[in-house]
Amino acid sequence: MLSSFALEQQLHTARQELSHALYQHDAACRVIARLKKERDEARELLAQAERQVPMAATTSAANGAALSYGKRAAEEEELDPGSKKIHPGISGDVIKELQDCNAALSQQRKRRQIPATLAPVDALKRYTQLNSYPLHKTNKPGILSLDIHYPKDVIATGGVDSTAVVFDLPSGQIVSTLSGHSKRVTSVRFAAEGELVVTGSADKTVRVWQNSENGNYDCRHTLKDHNAEVQAVTIHATNKYFVSASLDGTWCFYDLASGFCLAQVADASESEGYTSAAFHPDGLILGAGTSGAQVKIWDVKSQVCVPEELHKLLM
């Protein structure tokens, strides 16, 4: 009887200790969950602050251009009346930078000669496949976009599996897998000498990824200015700005370093969304293809769509 009593006491003590341990574990889980939530909120606030940094530097320029951009700003407000995002417009300093780049590149392009190493048509006909690399998940196969950074011989691909991959061609190895989008990656482009990668996705976001010391590309900015699938991103020749085009019928002009949207432009006469976009090599003209099988040519300086009869003159 004494032995049974002692065993019952030990069992009771063990039950109390177990109950206390479970309580502590539950409390710890709650604290961890709260800290994770606070961390995520802090990261989001930090990202918003980084995108708003240029506002202080461009306030005077934006105020000076307020009258010229007032009409377009009002149109943007009509497109999304609930939006609190501020688009100050492309300032005079930025336009001058674009014009200087255009002047320099235009002169170079006019003097450019066809390289002697350019492969002739007969050589292209003899090309055969050397290798095949499975870069994306096989349960969601498909590559929707590809870009090559020739100086470093690296390739970036955007896949149906919602990831982008940076691939080193000489070694045949994956350098980094860019995970963060929730839907397929529709467009991918290198920028800043390969140190940055810009991706657009069907999840309505644009992400800017930066090469880190360990070789991986970490997400630097997540941009949420579109309200439909982002179909294209294109980098300006200055490597300081880029444009995203979306099925929502708008294109956004971004500062690459800060991820801040300087302008979001819509064509009032066009109800179709954009499925592709690219800068002219000299950088002052933007071409955008629509889901209605049309090509729109935009003057980047004024954000005005050029009439079709003037397309050939501009190009």
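Along the sequence shown, the residues carry numbers beginning at 1.
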*Please report the C-alpha distance between Leu178 and Val166 in whole Å, then the side-chain angles of each, then the deciding distance to 0.1 Å, and finally whether the side-chain contact (heavy atoms from CB on, under 4.5 Å) criterion is met.*
CA-CA 8 Å; Leu178 285 54; Val166 178; 3.9 Å; yes

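- Contacts of Trp251 classified as ring-ring contact (aromatic ring centres under 6.0 Å, His included), with partners at least two apart in sequence or in another chain: Trp298.
- Between Asp203 and the choices His181, Lys183, His226, Arg184, the side chain to side chain donor-acceptor pair (under 3.5 Å) rule is met once, by His181.
- Residues Ile285 and Ile297 have side chains in contact (heavy-atom distance under 4.5 Å, counting atoms from C-beta outward).
- There is a side-chain donor-acceptor pair under 3.5 Å between Glu272 and Ser291.
- Both Tyr274 and Phe253 are assigned to one and the same hydrophobic cluster, defined by single-linkage of ILVMFWY side chains at heavy-atom distances under 4.5 Å.
- The backbone N or O of Gly180 sits less than 3.5 Å from a side-chain atom of Arg207, completing a donor-acceptor pair.
- The shortest distance between side-chain heavy atoms of Leu286 and Val243 falls below 4.5 Å.
- Between the CD1 atom of Ile114 and the OG1 atom of Thr117 there is a distance of 11.5 Å, given to the nearest 0.5 Å.
- With sequence neighbours excluded, the residues satisfying ring-ring contact (aromatic ring centres under 6.0 Å, His included) with Phe242 are Tyr254.
- Here the side chain of His280 pairs no donor or acceptor atom with the backbone of Gly287 at under 3.5 angstrom.
- A pairwise comparison of heavy atoms in Thr234 and Ala277 identifies CB-O, 3.8 Å as the closest pair.
- Hydrophobic cluster membership differs between Leu247 and Val233, with clusters built from Ile, Leu, Val, Met, Phe, Trp and Tyr side chains linked at under 4.5 angstrom.
- Using a cut-off of 4.0 Å between Lys/Arg side-chain N and Asp/Glu carboxylate O, Glu195 and Lys152 are scored as salt-bridged.
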*Please step through side-chain contact (heavy atoms from CB on, under 4.5 Å) for the pair Leu146 and Ile148, ending with a clear verdict.*
CA-CA 7 Å; Leu146 181 147; Ile148 304 174; 3.8 Å; yes

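- With values rounded to the nearest 0.5 angstrom, Thr290 atom OG1 is found 12.0 Å from Gln231 atom CD.
- Looking at heavy atoms from C-beta onward, Arg220 lies in side-chain contact with Leu196 at the 4.5 angstrom threshold.
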_Glu229 vs Ser201, side-chain contact (heavy atoms from CB on, under 4.5 Å): CA-CA, chis, key distance, verdict_ = CA-CA 6 Å; Glu229 294 185 10; Ser201 171; over 6 Å; no

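- Minimum interatomic distance between Pro281 and Leu105 (heavy atoms only, all atoms of both residues): O-CD1, 3.5 Å.
- Closest approach of Ser302 and Asp299 over heavy atoms only: OG-OD2, 3.1 Å.
- Results of the side chain to side chain donor-acceptor pair (under 3.5 Å) test with Trp209 over Asp218, Asn216, Thr199 single out Thr199 as the only residue that passes.
- A salt bridge is defined here as a Lys NZ or Arg NE, NH1 or NH2 lying under 4.0 Å from an Asp or Glu carboxylate O, and Asp40 with Lys36 fails to meet this definition.
- Residues Leu223 and Val230 share a hydrophobic cluster, clusters being chains of Ile/Leu/Val/Met/Phe/Trp/Tyr side chains in contact below 4.5 Å.
- There is no path of hydrophobic side-chain contacts, each under 4.5 Å, that joins Val160 to Val188.
- Annotation: ring-ring contact (aromatic ring centres under 6.0 Å, His included) contacts of His236 (sequence neighbours excluded): Phe279.
- For Arg30, the CZ atom sits in a loose shell: 12 or fewer heavy atoms of surrounding residues, nucleotides or ligands are nearer than 6.0 Å.
- Put simply, CG on Leu169 and CG on Asp153 are 5.0 Å apart, with the number rounded to the nearest 0.5 Å.
- For the pair Thr250 and Val265, the minimum side-chain heavy-atom distance is 4.5 Å or more.
- Hydrophobic cluster membership is shared by Val197 and Val175, with clusters built from Ile, Leu, Val, Met, Phe, Trp and Tyr side chains linked at under 4.5 angstrom.
- Proximity of Leu284 to Leu98: side-chain heavy atoms (C-beta onward) are separated by under 4.5 Å at one or more points.
- Note that CZ of Phe167 is 11.5 Å distant from OG1 of Thr177, once rounded to the nearest 0.5 Å.
- Proximity of Ser162 to Lys140: side-chain heavy atoms (C-beta onward) are nowhere separated by under 4.5 Å.
- At distances below 3.5 Å, not a single donor-acceptor pair connects side-chain atoms of Asp168 with backbone N or O atoms of Val154.
- Side-chain N or O atoms of Ser276 include none that pairs as donor or acceptor with a backbone N or O of Ala288 at under 3.5 Å.
- A heavy-atom distance below 4.5 Å is found between the side chains of Val198 and Ile235.
- In this structure, Lys240 pairs ionically with Glu97, as a charged nitrogen and a carboxylate oxygen lie closer than 4.0 Å.
- Atom OG1 of Thr238 is separated from atom CG of Leu256 by 8.5 Å, given to the nearest 0.5 angstrom.
- In this structure, Ile90 and Gln303 approach most closely via the heavy-atom pair CD1-NE2, 3.3 Å.
- No side-chain donor-acceptor contact under 3.5 Å links His12 and Glu8.
- Put simply, the side chain of Ser19 does not reach to within 4.5 Å of the side chain of Leu22, judged on heavy atoms.
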*Stepwise, does the side-chain hydrogen bond (donor to acceptor under 3.5 Å, both in side chains) test hold for Asp93 with Ser91?*
CA-CA 5 Å; Asp93 292 338; Ser91 68; 5.1 Å; no

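- The two residues Val185 and Ala164 have their closest heavy-atom pair at CG2-N, 4.3 Å.
- Interatomic distance, Phe260 CZ to Asp225 CG, rounded to the nearest 0.5 Å: 8.5 Å.
- Listed for the Asn239 side chain is a donor-acceptor partner under 3.5 Å among the backbone atoms of Ala192.
- Taking all atoms of both residues into account, the shortest heavy-atom contact from Tyr127 to Ala119 is OH-CB, 3.7 Å.
- At least one donor-acceptor pair under 3.5 Å links the side chain of Ser246 to the backbone N or O of Ala228.
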